[in-house]
Number of protein chains: 2
Amino acid sequence: MTEPPEIRDSGPELVYMQVANWIAGRIERGELKPGHKLPAERDLATQIGVGYMTVRRAMRELRDRGLIITVVGRGTFVAEPRDT
Amino acid sequence: MTEPPEIRDSGPELVYMQVANWIAGRIERGELKPGHKLPAERDLATQIGVGYMTVRRAMRELRDRGLIITVVGRGTFVAEPRDT
DNA sequence: ATGCATTTGTCCGTATGTATG
DNA sequence: TCATACATACGGACAAATGCA
């Protein structure tokens with residue numbers, strides 16, 4: 001699975017933030033709908049071409065933003081939108 | 001292990017803990033009275049929509065807290081309140 | 001006593017997240 | 001990145017304990 005290279009721009013931004021923002025963008029644009037199950041973190045790391053821990057940091061970032069919900073033993077899912 | 005325990009990453013909510021806390025709340029609010037027989041673990045699992053082993057983990061948690069008593073072949077019952 | 005239904009107990013296999021090296 | 005170990009989640013299968021007719 002060759003992912004588009006635009007995931008990582010050449011800026012000084014931390015890699016995990018680039019990954020987080022890439023996924024966040026896909027969620028906010030509606031490409032990933034609420035309830036959608038994301039690939040397993042290990043698979044995501046392989047697919048994107050970054051380290052496992054990098055994906056985990058990105059997931060924690062998205063979790064903190066309330067964009068995803070993680071359930072141990074089940075997976076990671078796009079959260080319901082929260083209006084502000 | 002060099003870090004103090006106060007540093008807790010906002011981890012995901014474990015399903016069995018959610019189940020345990022939900023039942024614990026019902027007991028502590030008096031919705032479930034001492035001696036009350038809870039549904040069978042497997043029925044509970046079906047009703048709540050989680051796996052059997054997950055309910056069993058939750059039951060073990062409640063048992064450890066002294067909130068319920070389990071008897072093989074009979075069922076699970078709300079324990080008598082223990083003052084501290 | 002034997003059988004049946006109900007309920008908890010145990011184990012297995014697979015998938016996933018967590019943590020560390 | 002890769003490897004290792006462990007906890008959690010789920011479903012299935014079978015065993016053990018209880019109560020009842």
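Remember, it's a predicted structure, so these values are computed and weren't measured experimentally. Below, read A as the first sequence line, B as the second, and so on, with proteins coming before strands; counting in each chain starts at 1.
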In sequence, state the C-alpha distance, the side-chain angles, and the governing distance for A/Leu67 and A/Glu28, and then conclude on side chain to side chain contact (heavy atoms under 4.5 Å, CB included).
-> CA-CA 9 Å; A/Leu67 288 176; A/Glu28 283 154 4; 4.1 Å; yes
By nearest nucleotide on DNA chain C, pick out whichever of B/Met53 and B/Ala40 is the more 5' one.
-> B/Ala40
Take the protein atom CE of B/Met17 and the nucleotide atom C1' of C/dT18, then report the distance between them rounded to whole Å.
-> 15 Å
Would B/Glu61 and B/Arg57 count as a salt bridge (charged side-chain N to carboxylate O under 4.0 Å, His left out) if you check the C-alpha gap in whole Å, the side-chain angles of each, and the deciding distance to 0.1 Å?
-> CA-CA 6 Å; B/Glu61 179 70 22; B/Arg57 297 259 185 222; over 6 Å; no
Under 4.0 Å: is that the gap between some side-chain N or O of A/Arg56 and OP1 or OP2 of C/dT18?
-> yes
Quick one: A/Asp43 CG to D/dC2 P, roughly how many Å, whole number?
-> 13 Å
Checking D/dC10, C/dA19, C/dG9 against the side chain of B/Val50 (C-beta onward), the nearest is D/dC10
Taking all heavy atoms of A/Met59 and all of A/Ile23, pick out the closest pair and write down the distance.
-> CE-CD1, 4.4 Å
Whole-Å gap separating P (C/dT7) and CD (B/Gln47) = 11 Å
Given atom CZ of B/Arg57 and atom P of D/dG11, what is their separation to the nearest angstrom?
-> 15 Å
Please give, in whole Å, the distance from D/dC10 C1' to B/Ile48 CD1?
-> 14 Å
Measure from CZ on A/Arg63 to C1' on C/dT18 and round the result to the nearest Å.
-> 10 Å
Checking D/dA9, C/dT10, C/dA19 against the side chain of B/Tyr52 (C-beta onward), the nearest is C/dT10
Are any of the side-chain heavy atoms of A/Val50 and A/Gln18 separated by less than 4.5 Å?
-> no
Would you kindly give the CD-to-C1' distance between A/Glu41 and D/dA9, to the nearest whole Å?
-> 15 Å
d(A/Leu44 CG, A/Thr54 OG1) to nearest 0.5 Å is 11.5 Å
Below 4.0 angstrom from OP1 or OP2 of C/dG17, is there any side-chain N or O of A/Thr70?
-> no
Report yes or no: do B/Leu62 and B/Met53 belong to one cluster of Ile/Leu/Val/Met/Phe/Trp/Tyr joined by side chain heavy-atom distances under 4.5 Å?
-> no
In whole angstroms, the gap separating P of C/dG9 from CE of B/Met59 amounts to 10 Å
For B/Ala24 and B/Arg65, the nearest pair of non-hydrogen atoms, with its separation, is CB-NH1, 3.6 Å
B/S/- contact track for nucleotides 14-21 of chain D, protein heavy atom under 4.0 Å | B--BBS--
OP1 or OP2 of C/dT7 sitting under 4.0 Å from any side-chain N/O of B/Thr76?
-> no
